[in-house]
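Note sheet for the following structure.
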Amino acid sequence: MKQIRIAVFVGGWVILALAIGFIFQLPFATGIWPWPDGRLSYLFIGSILAAVSAAALWIGWSGELGALPAGSLNIFVIGLTTLVYFLHLALQQDRPEMLPYGIASLFIAIAGGASFLWSRRIPLRDSRPTPRLVRVSFGIFIASLVVAGVALIFRLPIFPWALNPDSSVIFGCIFIGDAFYFLYGLLYPRWHNALGQLLSFLAYDLVLIVPFLLLFKTVQPGYLLNLVLYVAVLLYSGAIAVYFLFIDSRTRFGA
């Protein structure tokens with residue numbers, strides 16, 4: 001178990017380094033993305049990686065390996081769905097350069113699935129129940145992520161900027177995977193099955209909130225409503241995370 005804990009902790013730092021690379025558009029990070037993309041899309045990718053790193057670092061630091069299944073399920077779903085899309089691009093759209101990304105997605109799916117099957121047998125060390133408001137919020141997040149994920153896969157313009165059509169599909173796959181992340185926490189309502197998700201959302205919010213607020217100055221009129229809705233989600237999820245992670249006496253760190 002100690003080796004797994006160290007691997008998760010080190011992996012969290014590696015993912016955080018990638019997150020920083022995408023946020024600041026550093027070549028070592030953006031160079032591994034399958035196609036050239038825009039500043040805001042790289043920022044979004046960085047926010048997702050920051051979210052993953054936050055949960056991984058907490059699990060590795062605390063040793064709460066019983067919280068791994070939710071994130072592992074998320075990774076499995078993202079790997080599986082992106083595998084299908086990359087194979088579609090490589091085999092049906094004559095883009096063979098996408099095949100290595102399909103292979104990478106296959107390994108990601110296998111790793112996520114194996115981690116899920118292994119870690120779900122590990123009991124949580126903390127048996128506190130998840131607060132009702134968090135459970136309700138998770139239900140809202142799940143519905144929102146599924147709707148947004150399907151819309152992105154069908155390349156509907158729901159982000160506050162114009163997306164590369166291929167990136168739209170990949171982002172949709174990520175949102176569908178994230179829905180399973182929160183679904184696990186909803187189905188198994190113990191606090192440590194929610195803490196990682198809230199940490200992830202808080203990291204995601206912190207990366208995006210200031211750039212998105214600044215975006216109000218330049219957003220195209222057709223994307224203004226999308227931006228308002230996106231910022232509303234960031235503010236709500238951030239408030240929920242801050243309250244239950246740092247304020248509520250039942251759940252805050254150190255309680």
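Both backbone and side-chain heavy atoms feed into the values below; hydrogens, waters and symmetry mates do not.
- Val10 and Leu18 sit in two unconnected hydrophobic clusters of ILVMFWY residues. Membership requires side-chain heavy atoms under 4.5 Å apart, directly or through other members.
- Distance check: Ile142 CD1 to Phe138 CZ gives 8.0 Å after rounding to the nearest 0.5 Å.
- With hydrogens and angles ignored, the 3.5 Å screen pairs no side-chain donor or acceptor of Arg190 with any backbone N or O of Thr130.
- Arg125 contributes no side-chain N or O that, together with a main-chain N or O of Leu65, makes up a donor-acceptor pair within less than 3.5 Å.
- Taking 4.5 Å as the limit, some side-chain heavy atom of Phe182 sits within range of a side-chain heavy atom of Phe141.
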Asp178/Ile48 under side-chain contact (heavy atoms from CB on, under 4.5 Å): CA gap, chis, key distance, verdict: CA-CA 10 Å; Asp178 289 347; Ile48 293 295; 4.0 Å; yes

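- Looking at Phe171 and Ser41, their side chains come closer than 4.5 Å, going by heavy atoms from C-beta outward.
- Residues Val150 and Ile174 share a single hydrophobic cluster, defined by chaining ILVMFWY side chains whose heavy atoms lie under 4.5 Å apart.
- More than 12 heavy atoms of other residues, nucleotides or ligands shown are found within 6.0 angstrom of CZ on Phe216.
- At a threshold of 4.5 Å between non-hydrogen side-chain atoms, the residues Tyr188 and Arg120 count as touching.
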Candidate pair Gln197 and Tyr181, rule side-chain contact (heavy atoms from CB on, under 4.5 Å), full reasoning: CA-CA 7 Å; Gln197 286 87 327; Tyr181 188 34; 3.6 Å; yes

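- Here the closest heavy-atom approach between residue Trp191 and residue Pro131 is recorded as CE3-CD, 3.9 Å.
- Heavy-atom minimum distance, Gly46 versus Ile23: CA-CG1, 3.9 Å.
- At a threshold of 4.5 Å between side-chain heavy atoms, the hydrophobic network of Ile, Leu, Val, Met, Phe, Trp and Tyr places Phe9 and Ile75 in two separate groups.
- Listed for the Thr30 side chain is no donor-acceptor partner under 3.5 Å among the backbone atoms of Gln25.
- Of all heavy-atom pairs spanning Ala19 and Leu49, the tightest one is CB-CB, 3.6 Å.
- In the displayed structure, Gln220 atom CD is contacted under 6.0 Å by at most 12 heavy atoms of other residues, nucleotides or ligands.
- Crowding of Arg39 atom CZ: a count of heavy atoms from other residues, nucleotides or ligands under 6.0 Å not exceeding 12.
- Formation of a donor-acceptor pair under 3.5 Å by the Ser168 side chain with backbone atoms of Asn164 is not found in this model.
- Between Tyr230 and Tyr223, the closest side-chain pair of non-hydrogen atoms is not below 4.5 Å.
- For CZ of Phe159, the number of neighbouring non-hydrogen atoms (other residues, nucleotides, ligands) closer than 6.0 Å is greater than 12.
- Counting non-hydrogen atoms of other residues, nucleotides and ligands closer than 6.0 Å to CH2 of Trp61 gives a total of 12 or fewer.
- Among all heavy-atom pairs drawn from Trp58 and Ala67, the shortest one is CZ3-CB, 3.7 Å.
- In this structure, CD1 on Ile110 lies 9.0 Å from CG on Leu83, to the nearest 0.5 angstrom.
- Under a hydrophobic-cluster definition in which Ile, Leu, Val, Met, Phe, Trp and Tyr are linked whenever side-chain heavy atoms come within less than 4.5 Å, directly or via other members, Val14 and Ile78 are assigned to different clusters.
- Alongside Leu225, the hydrophobic cluster contains Leu229 (criterion: ILVMFWY side chains under 4.5 Å).
- Between Leu89 atom CG and Glu97 atom CD the span is 8.5 Å, to the nearest 0.5 Å.
- Note that the CG atom of Leu163 and the CG atom of Leu156 stand 11.0 Å from one another [nearest 0.5 Å].
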Evaluation steps, side-chain hydrogen bond (donor to acceptor under 3.5 Å, both in side chains), between Ser53 and Trp13: CA-CA 7 Å; Ser53 71; Trp13 284 109; over 6 Å; no

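- The two residues Ser200 and Ala55 make their nearest non-hydrogen contact at OG-CB, 3.4 Å.
- The distance from the CG atom of Leu106 to the CG atom of Leu99 is 10.5 Å, given to the nearest 0.5 Å.
- In this structure a side-chain-to-backbone donor-acceptor pair under 3.5 Å is missing from Asn74 to Phe180.
- Remark: the backbone N or O of Gly238 is paired with a side-chain donor or acceptor of Asp205 at under 3.5 angstrom.
- Chaining together hydrophobic side chains whose heavy atoms lie under 4.5 Å apart leaves Leu124 on its own.
- What you find for Ala50 and Ala203 is that their closest heavy atoms are O-CB, 3.6 Å.
- Checked by atom type and distance alone, the side chain of Ser115 never pairs as donor or acceptor with a backbone atom of Ala111 at under 3.5 Å.
- Between Leu215 and Pro160 the shortest side-chain heavy-atom distance falls below 4.5 Å.
- Judged by distance alone, the side chain of Arg155 and the main-chain N or O of Pro165 form a donor-acceptor pair under 3.5 Å.
- Counting only heavy atoms from C-beta outward, the side chains of Trp35 and Ile170 approach each other to under 4.5 Å.
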From CA spacing to verdict: side-chain contact (heavy atoms from CB on, under 4.5 Å), Leu43, Phe22: CA-CA 6 Å; Leu43 182 70; Phe22 275 105; over 6 Å; no

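- Phe201 has its side chain out of reach of Ile240: every pair of non-hydrogen atoms, C-beta onward, lies at least 4.5 Å apart.
- Heavy atoms from other residues, nucleotides or ligands lying under 6.0 Å from CZ of Phe246 number more than 12.
- Using a distance-only test at 3.5 Å, with no hydrogens or angles considered, no donor-acceptor pair links the side chain of Glu64 to the main chain of His192.
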Derivation and outcome, side-chain contact (heavy atoms from CB on, under 4.5 Å), residues Ile122 and Leu68: CA-CA 9 Å; Ile122 303 173; Leu68 277 174; 5.5 Å; no

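- The distance between the ring centers of Phe86 and Tyr101 falls below 6.0 angstrom.
- Cluster membership for Val147 and Leu145, using ILVMFWY side-chain heavy atoms within less than 4.5 angstrom, is not shared.
- Within the 4.5 Å cutoff, no side-chain heavy atoms of Asn193 are placed close to those of Leu186.
- A donor-acceptor pair under 3.5 Å links the side-chain atoms of Thr251 to the main chain of Phe244, judged by distance alone.
- Note that the CG atom of Leu40 and the CD1 atom of Ile45 stand 11.0 Å from one another [nearest 0.5 Å].
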Verdict with reasoning, Phe175 to Phe44, per ring pair (Phe, Tyr, Trp, His ring centres under 6.0 Å): CA-CA 12 Å; Phe175 274 14; Phe44 173 78; 5.8 Å; yes

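- Remark: aromatic rings of Phe212 and Tyr204 are distant, center separation not under 6.0 Å.
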